[in-house]
Number of protein chains: 2
Amino acid sequence: MSEMRTVRGMRDLMGPDMQVKNYLMATAAKVFEQYGYEPLDSPVMELWETLSAKGGEEVEAETFKFTDKGEREVGLRFDLTIPLARIIATNPHLRKPFKRYALGKAWRYDRPQAGRYREFEQADVDIVGSVSPAADAEVVLVALEFLRRVLGNDYLIRINNRKVLRGLTEKAGVTDDFASECFRAIDKLDKIGRDGVLKELKDSGIGKKQSDFLIDAISIKGSGTEVLQKFRDLLEGSIIGTEGVDELELMAEIFEESGVAELIEFDMSLARGLDYYSGPVFEGRYLGKPTVGSILGGGRYDQLIEKFGGQPTPATGISLGIGRLIEVVLARGVGKELTQQLDVFVAPIKRPMLRYAISFQSELIQAGFSCEVDLMNRPLKKLLEQADSKNAKYTIIVGERDIAKGEVSVRNMTSKETEQVKSIALTKYLLKALGK
Amino acid sequence: MSEMRTVRGMRDLMGPDMQVKNYLMATAAKVFEQYGYEPLDSPVMELWETLSAKGGEEVEAETFKFTDKGEREVGLRFDLTIPLARIIATNPHLRKPFKRYALGKAWRYDRPQAGRYREFEQADVDIVGSVSPAADAEVVLVALEFLRRVLGNDYLIRINNRKVLRGLTEKAGVTDDFASECFRAIDKLDKIGRDGVLKELKDSGIGKKQSDFLIDAISIKGSGTEVLQKFRDLLEGSIIGTEGVDELELMAEIFEESGVAELIEFDMSLARGLDYYSGPVFEGRYLGKPTVGSILGGGRYDQLIEKFGGQPTPATGISLGIGRLIEVVLARGVGKELTQQLDVFVAPIKRPMLRYAISFQSELIQAGFSCEVDLMNRPLKKLLEQADSKNAKYTIIVGERDIAKGEVSVRNMTSKETEQVKSIALTKYLLKALGK
């Protein structure tokens, strides 16, 4: 028998990683529902026709694609936005704005590397049907509220607007054909630096003067409305660029009013790849561990739903990268609140005591405690070790003589003290002892 | 553009279905953790080598199998037990008993039909490392506690033991070669009736006398230890059969002691297909809607982990069919507690009021309320309709004159009464009004 393993680039999650994942997912769902988003789940698999509607060779190269037994081409979803777009396009009756959240896995045929997996978990919120930049601001606020709960304050969301970028290339005199190549080069500022971007622009056939203009522009960043005034001055005369700045300005006002302005940076170099974004775009980083990369991303995608055969429908959304957030939370140190702790371990001293032990368990579970019974028929010393390994707060020892007297021994696993407790008073005793 | 749709046999979940799914999953996780099970997540995809270790042509026919870009054969998991067996086999250091739960999807290339999908959701608990029938009893108790919380009392878990069945064929004088064919025929008693089973046994070359003996035996069923005495009498002289009854007897004692005996039926006709089961087997049905089929299944599988190259390791577990349970809960009628309800809808009367509206929202969200702000810039009448469609309890109307006075209007959506409330006292007002 050859050695079994996981599929390349995929991993099992257990222990603290899994506890943290569950905590992040539960917190995300809680925050999303508080903001009035409703849950939606879709199959992990979509017809290839659907997945490829977004277009691009990249999709072909990065998708787990296969032919099913019915000779249909299908693939695993690479994000949670495509399924949403399909659902909106095929359910025109859905009341707008439609605000949904989705928690689920997606798959990409990337080169596996540290902290980057071919199967990854996302938590998305999207608002469909509103053209207002207030909708863009809302999804950012939702993400910030989630981050506040799980990370405190050490993060930054960078924001730009595709319209601003288009205005920029317009002002630089770059034609439409070259604009997307410019965006692609600009987006790399973080990775390849100023000189790297200049070289890429030159290689794409962009003139020196244009490149200089662009490179100065994309260095503008900062928080609040002041930096947006710089955007505005630079884009004067470009209708689309000015429209982009207006949208960002409304968002800035909302962030100000909500007291989160210092967590936002307007950054003209942010382009978010070559995706389907049409307006504001967002990207978030954890400042305590910048190597971890982007922990969230998103933006407005007003043309996507049409591509799926739907009515023209504005939409915006944000996606939290749960895998990277697990790393971040683990690196910060996981507190006791995230470690699974058992209220009570029940230790039957001999085989015939097992059924009494299990009846105590049933009672305690129904009273809301967590409670485990030994199933290994071990000696008392081993039982107490097992209770310790499960972080049990109390161990109930069920011995023959005690049972005959209608009692059990209750051991406080912290103080190591043991008390005799009447069986019928056990739940009450523990409710008091555990402060429930 | 051709019409988009889901992959055949798969479905989107939204609205009440999704609310019920989330409720079932959250309740399952809660109960599982109370019993000391820890969460484990594994990739949806396994190497074909792993999936096929269980053997059988059925696996080949029923698996979503494909070749990835690295020319490796992989497939989507068809249950949550195979991934567990792989993990146990390749992580021999895991402390025993290892009790894990898993919530996740699995895929089978079945013929799609009403209530049966090719992508389905399961919730599993398993205990690895204990040979004791108390472990089998525990997973059944866990399932019963879950069912008690979500369905009340209207269900029955049937239990048998593969050893009992083997003892039965032994007593009937059926050779090992024919035993599994017998099990297969026996398992169909519910579907094809007594005569159908007799015919199948005859077709398999089982003699009349043997068939008569078997068919009388498998009609034995009932709850409590009395019915097990009938099993015992029938299997007298068969070592394996008697061992099987002994195991069921310990389980029966535990069920008795836990007060759930009347929810259990020992049923000699239960075989649970041709799976990997080696000891006790379980199957559960909801009595309020028998057509929905089995809502849970499981059993002991002491040889499976070895097949994955691991040490011989006893294991037992149970799997809840969440898809069917969604149907059952919906059929019983979903109470108000499962319908998403919004505490507060915030309605800005005009565009410039939006940023005030959003600042109220931020404050209320942090105070723990659910709260949605209108993003559509609609007239008041439409806003109140929107608030109603979201089941909002209160609507906060943010008008220009109110804001100038440092106030908002708060409308109770049930009584339709409106009060003026100072902005700074808003949270306090709502905490009181909503009784939080």
Side-chain angles (χ1 to χ4, degrees), chain A residues 1 3-4 6-7 10 12-14 18 22 33-36 38-47 50 64 66 68-69 74 86-87 89-90 95 97 105 109 119 127 130 132 134-135 138 141 145 253-254 257-258 308-309 340 342 354-355 358-359 362 365 370-372 375-377 389-390, chain B residues 1 3-4 6-7 10 12-14 18 22 33-36 38-47 50 64 66 68-69 74 86-87 89-90 95 97 105 109 119 127 130 132 134-135 138 141 145 253-254 257-258 308-309 340 342 354-355 358-359 362 365 370-372 375-377 389-390:
Chain A
M1 165 112 269
E3 212 200 321
M4 299 275 170
T6 54
V7 171
M10 303 191 184
D12 300 315
L13 270 185
M14 55 202 299
M18 186 66 199
N22 277 356
E33 293 193 2
Q34 275 190 269
Y35 272 94
E38 60 172 277
L40 190 154
D41 183 39
S42 66
V44 303
M45 200 184 288
E46 295 279 350
L47 294 174
T50 307
F64 279 88
F66 59 104
D68 78 3
K69 292 187 211 294
V74 297
R86 172 183 55 72
I87 290 167
T90 54
R95 183 186 266 265
K105 289 178 172 178
Y109 217 95
E119 176 179 80
I127 301 175
S130 170
S132 171
E138 179 176 300
L141 287 172
E145 178 62 19
E253 275 173 29
I254 289 173
E257 201 74 51
S258 305
F308 287 77
Q340 214 171 2
L342 201 64
L354 186 58
R355 59 202 185 107
I358 292 184
S359 72
S362 291
I365 296 265
S370 60
C371 177
E372 188 167 333
L375 298 168
M376 304 297 274
N377 203 17
S389 82
K390 287 280 188 159
Chain B
M1 164 113 271
E3 212 200 321
M4 300 275 172
T6 54
V7 171
M10 302 189 183
D12 301 315
L13 270 185
M14 55 202 300
M18 186 66 199
N22 277 355
E33 293 193 2
Q34 274 191 269
Y35 273 92
E38 59 171 279
L40 189 155
D41 183 39
S42 65
V44 304
M45 200 183 287
E46 296 279 350
L47 293 175
T50 307
F64 279 89
F66 59 103
D68 78 2
K69 292 188 212 293
V74 298
R86 171 183 58 69
I87 289 168
T90 53
R95 182 186 267 264
K105 289 177 173 179
Y109 216 94
E119 176 180 80
I127 301 175
S130 169
S132 171
E138 179 176 299
L141 286 172
E145 178 62 19
E253 277 173 27
I254 289 171
E257 201 75 51
S258 303
F308 287 77
Q340 216 172 0
L342 201 64
L354 186 58
R355 59 202 186 107
I358 291 183
S359 72
S362 291
I365 296 265
S370 61
C371 178
E372 189 168 332
L375 298 167
M376 304 297 274
N377 203 17
S389 81
K390 288 281 188 160

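Throughout, a chain's letter reflects where its sequence line sits, starting with A, and its residues are numbered from 1. These numbers were taken from a predicted model, which means no experiment stands behind them.
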Name the member of [options] that forms the most heavy-atom pairs with chain B at distances under 4.5 Å.
{"options": "A:R86, A:E145, A:M10, A:E253", "value": "A:R86"}
{"options": "A:V7, A:I365, A:L342", "value": "A:I365"}
{"options": "A:V74, A:N377, A:I87, A:I127", "value": "A:I87"}

Item to complete: Considering only heavy atoms and a distance below 4.5 Å, find which of B:R95, B:Q34, B:M376 pairs most often with chain A.
Response: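 Highest number of heavy-atom pairs under 4.5 Å: B:Q34.
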Worksheet item: If you count heavy-atom pairs under 4.5 Å with chain A, which of B:E372, B:E138, B:E46, B:E38 comes out on top?
Response: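 Max contact count across the listed options: B:E372.
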Less than 4.5 Å to any heavy atom of chain A: does that hold for the side chain of [X], its backbone, both, or neither?
{"X": "B:L141", "result": "side chain"}
{"X": "B:A135", "result": "both"}
{"X": "B:K69", "result": "both"}

Fill in: Flag side-chain contact, heavy atom, 4.5 Å: B:V44 against A:E119
yes
Region of [X] that comes under 4.5 Å of a non-hydrogen atom in chain B:
{"X": "A:Y35", "value": "both"}
{"X": "A:L354", "value": "side chain"}
{"X": "A:A134", "value": "both"}

Fill in: Any donor-acceptor N/O pair, A:S130 side chain to B:L375 backbone, under 3.5 Å
yes
What heavy-atom pair brings [X] and [Y] nearest, and what distance separates the two atoms?
{"X": "B:G36", "Y": "A:K390", "answer": "O-NZ, 3.2 Å"}
{"X": "B:S42", "Y": "A:K105", "answer": "O-NZ, 3.1 Å"}
{"X": "A:T6", "Y": "B:L47", "answer": "O-CD1, 4.4 Å"}
{"X": "B:M18", "Y": "A:P39", "answer": "CG-O, 3.3 Å"}

Worksheet item: Should the pair B:F66 and A:F66 be assigned to parallel (<30°), tilted (30 to 60°) or perpendicular (>60°) ring geometry?
Response: parallel
Worksheet item: Out of B:D12, B:L13, B:N22, which residue meets the side-chain contact (heavy atoms from CB on, under 4.5 Å) rule with A:D41?
Response: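 By the side-chain contact (heavy atoms from CB on, under 4.5 Å) criterion, A:D41 pairs with just one of B:D12, B:L13, B:N22: B:L13.
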Response to the item:
Distance col, row B:E257:CD vs A:R355:CZ, nearest 0.5 angstrom, shows 5.0 Å
